[in-house]
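Structure first, then comments.
Counting starts at 1 for both ligands and their atoms, in listed order.
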Amino acid sequence: MRIDVLTIFPEYLAPLGQALLGKAAAKGLVEIGVHDLRRWTDDVHRTVDDSPYGGGPGMVMRPEPWGRALAEVRRPGTRLVVPTPAGRPFTQAVAAQWATEPGLVFACGRYEGIDQRAVDDAAAHGPVSEVSIGDYVLAGGESAVLVMVEAVSRFIPGVVGNAESVELDSHADGLLEGPSYTRPAVWRGHEVPPVLLSGDHAAIARWRRAESLRRTADRRPDLLAGVELTAADRAALDA
Ligand SMILES: OB(O)c1ccc2cc[nH]c2c1
């Protein structure tokens, strides 16, 4: 997969070259390009923003640099992802879907956002997704891109050493993961749940499912609506 990021703060994306993703890039599992949007400005001051039509606070990112940058960086048909607080939710399912695509281009807005015409015009050259990573507002799209690139890359074969770990992640089955434990068996008087020491794999699986259901019901009851529950699931929730 090829991932390109357009931003006025390229150094903000330095973490993409670190850790798991840095290793994946070194192994050729993913190609990452970070581009300074100011390369495509057309004035000596390398201006990327201007006052909003209709008035209001702040500045808006001009469409021209974006149009030129996308024409050069984005291969036809590649999905353009635009992080915005006004976007559709970015979810684990979206990450899994995007991981099957040959490439992604991320457009990092700043100020009050990108002139909508730049986004609308991009739709003529491939799919465009305006997405939000949560109901809060950041200063720009860069942090959201770091989050989304990490979530998507975990689905690329070979990026995460143990593929089963991805399958057991929270949200993989629509539920939150339950609690995890490791040695020692007792720590500051806190015991590991005995079933996990029992060696009874069927009982452990039942316990883990029950804990996942209970945690989801407690912290994210909205997720339960999207999960088909078995009779055993309902019994665990009613226990
Ligand atoms: O909260 B966000 O995901 C986000 C995304 C893009 C821009 C551009 C200016 N503020 C932004 C906030």
For Arg88 and Ser129, test the side chains for any donor-to-acceptor distance below 3.5 angstrom and give the result as yes or no.
no
Does ligand 1 have an atom under 4.0 Å from some heavy atom of Ser132?
no
Which of the numbered atoms in ligand 1 are below 4.0 angstrom from a heavy atom of Gly141?
5 (C), 6 (C), 7 (C)
Within ligand 1, which atoms have a heavy atom of Tyr111 less than 4.0 Å away?
9 (C), 10 (N)
Hey, is Cys108 touching ligand 1 through its side chain, its backbone, both or neither, going by heavy atoms under 4.0 Å?
neither
Could you tell me how the ring of His35 sits relative to the ring of Trp40: parallel (under 30°), tilted (30 to 60°) or perpendicular (over 60°)?
perpendicular
Pull out every atom of ligand 1 sitting under 4.0 Å from any heavy atom of Val137, numbered as shown with elements.
1 (O)
Working for side-chain contact (heavy atoms from CB on, under 4.5 Å), residues Val81 and Glu130
CA-CA 6 Å; Val81 178; Glu130 294 183 78; over 6 Å; no
Show me the side-chain donor-acceptor pairs of residues 6-15 shorter than 3.5 Å, one per line, residues at least two apart or across chains.
| unit_1 | atom_1 | unit_2 | atom_2 | d |
| --- | --- | --- | --- | --- |
| Thr7 | OG1 | Phe9 | N | 2.8 |
| Thr7 | OG1 | Glu142 | OE2 | 2.6 |
| Tyr12 | OH | Ser143 | OG | 3.0 |

Who are the side-chain hydrogen bond (donor to acceptor under 3.5 Å, both in side chains) partners of Asp49, not counting sequence neighbours?
none
Atom indices of ligand 1 within 4.0 angstrom of Thr84 heavy atoms, with elements:
5 (C)
Please could you name the atoms of ligand 1 that Tyr136 approaches to less than 4.0 Å, counting only its heavy atoms?
1 (O)
Contact region, Arg110 to ligand 1, non-hydrogen atoms below 4.0 Å, reads backbone
Under a 4.0 angstrom heavy-atom cut-off, which atoms of ligand 1 come close to Pro83?
5 (C), 6 (C)
Might you confirm whether atom CD of Gln116 has over 12 heavy atoms from other residues, nucleotides or ligands at distances under 6.0 Å?
yes
May I ask you to check whether Phe90 and Trp98 place their ring centres under 6.0 Å from each other?
yes
Polar-atom distance check: Leu138 versus ligand 1, any N or O pair below 3.5 Å?
yes
Quick check on contacts: which atoms of ligand 1 are under 4.0 angstrom from a heavy atom of Ala139?
9 (C), 10 (N)
When rounded to the nearest 0.5 angstrom, what is the spacing between CD in Gln92 and CG in Asp173?
10.5 Å
Among all protein heavy atoms in this structure, tell me which lies nearest to atom 4 (C) of ligand 1, with the distance rounded to 0.1 Å.
Pro85 CD, 3.5 Å
